[in-house]
Amino acid sequence: MSLQASLYNGLSGVNGMGKKLNVTANNVANVNTNAFKAGQAHFTDIFETTMGTLSVGHGGWQRTVSTSFNDGILEATSKGTDIAISGMGLFMVRHDGATTANTYTRAGNFNMVEHLGTEPNANNLVTPTGQFVQGYNLSSSTVSPTVVSDILIKNIAPQSATSAVELMLNIQNNPSLTEPTSSQTKLFDSWNGTNTAQPITTNNYDYKTSLTIYGPGNETDGFSTPSSTYNLTVYFDATDSPNEQEFIVTCNPEQDQRLSTGDTRYNSTTDKGAGALLYGVLSFSSSGDLNNIQCWNVPPDGTVAPTIIDSNGDVVPNPANLLTLARGESYYSFDYNFTGTAANNSSTLSFGIAPTPKSVLSSVAAFSSATTSGNISATSTWDTVSDNQGNTVQAGDTITLQGTTGDGTATSYTYTVDSSQTVANFLAGIETTFACTAGINNGQLTLTDTMVGASQLMISSITYTNANGATPLTDPTIAQIFGAQSASFAVDQNGIYQGTGLPTTNYASPSALLYQSQNGYGKGRLQDINVDSQGFITGQYSNGQNIRQAQIVLANFKNMQGLQSVGDNNFVATAEAGARTIGTAGQDSFGNTTNYHLEMSNVDLGQEMVDVMTTQRALQANAKSISTAEELYEKLLQMVR
């Protein structure tokens, strides 16, 4: 090997150590850079010459600089828009002017800036260099929540109209207030919406309570207009029944712009019913517990007419204005419209009780022995089950139920007695066929709908046969355990309503409001944000509302070493990175997120200092090899001279 080769070997070493020192110095320089990922220089030898059996190298060179994507330590901050990823994944960001997000970063030191697009009252989440952070927008009126786009955070929580009102109170049960049947005056008769100064006089009701509700808001208004609120007053009065109280929900008649039939609106100039939003009757038990509610709409003319006389001369409910609970509904509703919008708003009204699902039950109980000494249960075996006449169920007997499900679908179920089974197997088949729950209560077969409100659940007929096909008409020993052949089930009238915590009562103590609430709210300014482990960004507003705004989208790559650093804590993907995977925090292949934290640099300063020293020694050694080769050249030249 020539001396000249020694010079070049030493030179390659000096160059390589210089480049390594550059990588190390860059790491040290970024030890306090948020989410900086340390680089590491990798070298290979240069093999160029074979001399016989000898392989001669010609130094080394820096082949690559890899990036360590290990997590940095999370540091707590005092800024809500500081967001950190713990685990795999990178934030996706879009340069202003770019159509897609093709830049990635781990640095979550974001800011909020005013959104200049079409979404009203919104901010964008951006990097310090103005790149837009990407995610799914969950509260936007202009962007689909399933499309990855620039994150939008509304800086105003828009006003929300009231859709639920709760009133819990005691309405005094005072016999002296009960009105004579012959001279009672209903509240809807006492109300006169054309007398806007005093639509109802104080001697026409026993108690009243008021609350404030919110109408719908216009999001584009921002805080240029105040939140719109309106007062409701609910009047109560005794009826001719000692266990009844009527009520009427009212507003200022002049503000009532509800749409009525024929697209006409209530008008306080002409309509007696203007301002009367709902009329109802509360029925109480003798102990003062609320057990039933009936409600009616109040038409523009104010004539509710809760009952009418039918063709037989009987007093029956008037269906014209009577409200019924639809299937799945728990509370009656009233409409309101204070701004003349194209559609009325609606709110439910709760007095602290909710209807229970409809139940039907057999007319008689089944017994657990031929002596009828005890009732059966779901765990009873069929050889112990008998009817009230002492007839015992036999293997092969069939029981057939015919009727309708809660939604009105006609159906039937036939069960053949199997001595190896229990009553529970019979009940399971009923539940599947009639879409209900089935049980045994005090020996009676009870079917309960799975939904509250209107229900057509019914057993119109129960029939029995034995293994030979005989019926109780031809064989009276056949057990008729849940009622006589072809008997129907009755509707359970007990417990139609149940309390939800603090129900309205009718005790002898003075009338008093116990609790009231409504779920509407006025506008609120954004005060802070919260980011959970799944990347959901929730806005926290001055009106007490916490509203989900967006979910951060993360990206990952098959080969992270294929990402190229382009400065400003950003990476772009090269072909070597492979296919991109996007998802959200907490999913497979992605870590968790949190705010009020920033990821720090993952540079190990101690290791870098060691690398500086070893690189310095290697550089000195390579320089020494060059100087030694140079001295040998000098000696050769001296010998020639």
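Judged by distance alone, the side chains of T404 and Q456 never bring a donor and an acceptor atom under 3.5 Å apart. Side-chain polar atoms of S509 and N170 form a donor-acceptor pair below 3.5 angstrom. Side-chain contact annotation: S386 with N391, donor-acceptor N/O pair under 3.5 Å absent. For the residue pair Y279 / E246, a side-chain donor-acceptor distance below 3.5 Å is found, with atom types taken as modelled. Donor-acceptor pairing under 3.5 Å is lacking for the side chains of S241 and N243. Counted by atom type alone, T379 and S377 present one or more donor-acceptor pairs between their side chains at under 3.5 Å. The closest side-chain donor-acceptor pair between S287 and S285 falls under 3.5 angstrom. Looking only at atom types and distance, the side chain of S210 has a donor-acceptor partner in the side chain of T233 under 3.5 Å away. Side chains of S517 and E166: a donor-acceptor N/O pair is present below 3.5 angstrom, by distance only.
By the side chain to side chain contact (heavy atoms under 4.5 Å, CB included) test, N442 pairs with N375, sequence neighbours left out. Residues forming a side chain to side chain contact (heavy atoms under 4.5 Å, CB included) with P180 (at least two apart in sequence, or on another chain): S182, S183. Applying the salt bridge (Lys or Arg N to Asp or Glu O under 4.0 Å) criterion to R327, with sequence neighbours excluded, gives D449. Not counting sequence neighbours, D237 has no partner by the salt bridge (Lys or Arg N to Asp or Glu O under 4.0 Å) test. Legend: residues meeting salt bridge (Lys or Arg N to Asp or Glu O under 4.0 Å) with D271, ordered by chain and number and at least two apart, are absent. Partners of S140 by side chain to side chain donor-acceptor pair (under 3.5 Å), not counting sequence neighbours, listed by chain and number: E119, T142.
With N441 contributing its side chain and Q444 its backbone, the two residues share no donor-acceptor pair below 3.5 Å. Between the side chain of N506 and the backbone N or O of F284 there is no donor-acceptor pair closer than 3.5 Å. T303 places no side-chain N or O within donor-acceptor distance of the main-chain N or O of A305, the cut-off being under 3.5 Å. Side-chain atoms of T264 do not come within 3.5 Å of backbone N or O of S260 as any donor-acceptor pair. Judged by distance alone, with hydrogens and angles left aside, the side-chain atoms of Q257 form no donor-acceptor pair with the main-chain N or O of T341 at under 3.5 Å. In terms of modelled atom types and a separation under 3.5 Å, the side chain of D206 and the main chain of A238 share a donor-acceptor contact. Here the side chain of N297 pairs no donor or acceptor atom with the backbone of N321 at under 3.5 angstrom. Proximity of a side-chain donor or acceptor of K272 to a complementary backbone N or O of F188 within less than 3.5 Å is detected. No donor-acceptor distance shorter than 3.5 angstrom exists from the side chain of N530 to the backbone of T538, with no hydrogens or angles considered. Proximity of a side-chain donor or acceptor of S533 to a complementary backbone N or O of N592 within less than 3.5 Å is not detected.
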Self-check item: Full working for side-chain contact (heavy atoms from CB on, under 4.5 Å) between I376 and T384
Solution: CA-CA 8 Å; I376 67 165; T384 65; 5.8 Å; no
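Note that CG of L232 and OG1 of T209 are 10.5 Å apart. Values are rounded to the nearest 0.5 Å.
Residue D310 places its CG atom among more than 12 non-hydrogen atoms of other residues, nucleotides or ligands, all under 6.0 Å distant. Within a 6.0 Å sphere centred on CG of L473, heavy atoms belonging to other residues, nucleotides or ligands number more than 12.
Side-chain contact between F426 and Y413: present, with at least one pair of heavy atoms (C-beta onward) separated by less than 4.5 Å. Side-chain contact between T348 and E329 is absent, with no heavy-atom pair separated by less than 4.5 Å. The closest side-chain heavy-atom distance from I293 to Y331 is not below 4.5 Å. Between I459 and F482 the shortest side-chain heavy-atom distance does not fall below 4.5 Å. Under the 4.5 Å side-chain criterion, counting only non-hydrogen atoms from C-beta, K186 is not in contact with V304.
Taking the six-membered ring where the residue is Trp, the centroids of Y230 and Y336 are separated by 6.0 Å or more.
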